[in-house]
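A short worksheet on the structure shown next.
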Amino acid sequence: MIQIENLFVKAGERSILKDLNLQINPGEVHSIMGPNGSGKSTLFKAVIGHPELSVSGKILYRNSADQQYENLLNKSPVDRALEGIFMAFQHPVEVPGVNNFNFLHTSFNAVCKHHGSAEMDEKEFLKFAESKLDLLGLDKKFLYHPLNEGLSGGEKKKNELFQMAVLSPTLSLLDELDSGLDIDSIKMLAESLKKMKNKQNAIVLITHYHRLLAEVKPDYVHVLVDGHIKETGDYSLALQVDQTGYDKWM
Amino acid sequence: MDVNIRLTENILNWQGSQTHLPKDEGLFSLSSLRNVEFPKKFLNWVDHTLNSQENLVPFPVKNSSEPSQGVIVWVKEKETKELQINYHQSDHHIESHKIRNFFFLEKGSSLNWMEHFANSSFQTENYVFVEEGAVFNQLTVNQSRSSSKVYCDLQEKSSFFSLDINLGSWSKCVQIYGRKPGNVSVVRGLNFLKQKDQSSWFVLNQHDGVSGHSRQWYRSILSDRSRNSIHSKVSIQAQETDSHQLLQDLILSPYAKTENKPELEVAKDQVKATHGATTGTPNPMEIFYMNTRGISKEKALEFLITGWAECILSESGYDSFNGFLKKIAPILQPLVKKQVQQFHLTY
């Protein structure tokens, strides 16, 4: 689904990712772990096309097996999103006055239009969005709330999860979606991810905590230190990190 | 009081096709000022106010350009009224109209007053006297070039709520005097400025009665070569006043210009007061966030501008104005789209 080759990323004059390589296939769940400032969030931002990063290398992506790989660096953030790449932000911005429902409805229809599928009118979309809220066990207040405005940290994360459920992305990049969530909410998050996971999509998680990984059980765990992936392993690597920290790779 | 009256249907086009003022419901043209037995207190107040030095920018009172048109709205004790007026001029040869309205709200009454400056050039003055426990709600929408003034006297535990929406060029003056204890005033304004529109706002909110409560919140969206100036002053002359004031601008063009002056004068202790002003361009990170959900830059900006404006509208809290606000929504949308087209994102 996505092949990242020789990726170098700078923020201003500071080099953050240095010759990073990573491959993710449909149906896989990956976890990226690493100390603060190692470049985990920057990797996600580079994939979605953050305007403040300078990126070189290749990020090859296709959202289905019958398509050709294309280098995302030639595409705008909007096009990347329309192609099925979704990032749940660690700190989602607040957009006062913009109603969540209108925002998501517009977003959903933009994706539908891009893929040539039928758009939904307000009534249809309301029913669809409410079914997603029910699936996640979320309050209907999310629908008409101004976009992230005044929500607690945990509520913002739930709203990101809700958006993910509505948009059904091919590649989901979840940046510390579990931080700020209480224990019950982490369980809800894990259950939701399990429900959303299928053979056509892939999920990449950044997390500092073992709790979410214990529930989701990723197929691959990567340790990212100083802009490099230092080690890749299975779920047992996450257990090792949980017990010993990152000293071994520093 | 010698007032010469001529009420013209062209100018005062009342709600729907109604062409006659319903005199038996407390509405009178200025000509009836001498013929109707208004309470002495109101007549004294009119006389005092028009000649008062507090009355900052009145039309010349005793010369040929004195306003000769307008209405008197008398809302009797515990009554509730709702009135809508469209200032519409069919004769475009007339350069400007001067209109003066008076509002007398007796104890415990309430009035919802909606006025719409549809075209041409108007100069209006609204003089409002709000007795104990009465509530005056005002919604003004300007789509033309107009000059408008509100002068309000608030008595004990009375309230003044105002929402001004400017979609053209105007000069607006709001004077609120909280004379007695426990009065409340909430003033909100929204400016949509484009091309060479110019908006000038002067607001004075004076707290003379203790335990007064006031809020002032103005938002302006400027594109092209538009100009904006808001001078908003809160003068606190009484204890236990609670007052907040905020002036905010969203700038969409490097050629637009704004000058805001939030002013606060505190002459007593034991008060709570804030004032401030902000000016900025749309937040690129908010636009980027929406981009990552497949929403184009143009649509994202449209969301931002509309959302920014709707914060003011949604908090107006006047249910009775909702229908009127829905009517202006189709006017706002093309304006927003035009502003978006002319705005170039900086990244």
Side-chain angles (χ1 to χ4, degrees), chain A residues 44-45 47-53 75-89 91-115 144-150 156 159-160 162-164 166-169 171-173 175, chain B residues 163 165 188 190-192 217-221 246 248-250 252 278 280-317 322 325-326 329 332-333 335-337 339-340 344-347:
Chain A
F44 282 6
K45 287 176 183 171
V47 173
I48 63 166
H50 196 284
E52 290 174 359
L53 298 176
K75 288 179 177 287
S76 70
V78 177
D79 287 337
R80 297 181 203 201
L82 294 175
E83 283 294 321
I85 298 175
F86 176 91
M87 176 173 171
F89 288 83
H91 303 292
V93 294
E94 296 187 7
V95 191
V98 176
N99 174 304
N100 219 0
F101 179 83
N102 291 340
F103 164 73
L104 257 184
H105 186 207
T106 305
S107 173
F108 179 83
N109 276 348
V111 173
C112 289
K113 191 177 178 185
H114 181 76
H115 292 290
Y144 297 103
H145 200 279
L147 187 50
N148 293 325
E149 191 188 13
K156 283 179 184 172
N159 199 25
E160 295 286 277
F162 171 50
Q163 292 178 25
M164 178 183 163
V166 167
L167 297 174
S168 300
L171 175 63
S172 299
L173 310 170
D175 190 357
Chain B
L163 172 62
I165 301 170
R188 298 183 194 280
L190 180 62
N191 254 331
F192 259 92
W217 189 16
Y218 287 89
R219 281 190 160 183
S220 302
I221 300 163
L246 183 59
Q248 296 179 298
D249 289 321
L250 185 64
L252 302 176
T278 65
T281 53
N283 182 346
M285 285 305 104
E286 291 177 9
I287 293 171
F288 175 67
Y289 182 79
M290 289 192 255
N291 291 162
T292 66
R293 303 300 186 249
I295 295 174
S296 69
K297 284 182 182 177
E298 291 72 19
K299 188 68 191 173
L301 191 59
E302 199 179 311
F303 266 131
L304 279 190
I305 296 171
T306 310
W308 211 70
E310 279 186 357
C311 284
I312 290 264
L313 302 181
S314 63
E315 290 191 24
S316 66
N322 286 345
L325 289 173
K326 275 181 188 164
L332 285 180
Q333 282 308 317
L335 267 179
V336 171
K337 282 185 191 298
Q339 285 183 319
V340 169
H344 300 287
L345 291 175
T346 50
Y347 76 94

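Each chain gets a letter, A, B and so on, in the order its sequence line appears, and its residues count up from 1. The analysis underlying the following values was restricted to heavy atoms, covering all of them including side chains, and did not include hydrogens, waters or symmetry mates.
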On a heavy-atom basis, which atom in [X] and which in [Y] lie closest, and how many Å separate them?
X: A:E94; Y: B:E286; result: O-OE2, 3.3 Å
X: B:G294; Y: A:A110; result: O-CB, 3.5 Å
X: A:V93; Y: B:M285; result: CG2-O, 4.0 Å
X: A:V78; Y: B:I295; result: CG2-O, 3.6 Å
X: A:G49; Y: B:F288; result: O-CE1, 3.5 Å

Looking at A:L82, A:V111, A:V98, A:N148, which one has more heavy-atom pairs under 4.5 Å with chain B than the rest?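 Among A:L82, A:V111, A:V98, A:N148, the one with the most close pairs to chain B is A:V98.
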Would you find more than 12 non-hydrogen atoms of other residues, nucleotides or ligands less than 6.0 Å from A:H145 atom NE2?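 Yes, because the 6.0 Å sphere around NE2 of A:H145 holds more than 12 heavy atoms from other groups.
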Parallel, tilted or perpendicular, judged at 30° and 60°: which one describes the rings of A:F89 and B:Y289?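 Rings of A:F89 and B:Y289: tilted, as their planes differ by 30° to 60°.
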Given heavy-atom pairs under 4.5 angstrom as the criterion, report whether the side chain, backbone, both or neither of A:H50 touches chain B.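 Both backbone and side chain.
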Contact origin within A:L104 toward chain B - heavy atom pairs under 4.5 Å: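 Nothing of A:L104, per the 4.5 Å heavy-atom cut-off to chain B.
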Quick one: pull up [atom1] in [X] and [atom2] in [Y] and give me the separation to the nearest 0.5 Å.
X: B:M290; Y: A:T106; atom1: CE; atom2: OG1; answer: 10.0 Å
X: B:N291; Y: A:R80; atom1: CG; atom2: CZ; answer: 11.0 Å
X: A:N102; Y: B:E310; atom1: CG; atom2: CD; answer: 8.0 Å

Quick one: does B:R293's side chain get under 4.5 Å of A:F108's, heavy atoms only?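 No; the side chains remain at least 4.5 Å from each other.
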Does any heavy atom of chain A fall under 4.5 Å from the side chain of B:T306, the backbone, both, or neither of them?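 Contact with chain A is absent: no heavy atom of B:T306 under 4.5 Å.
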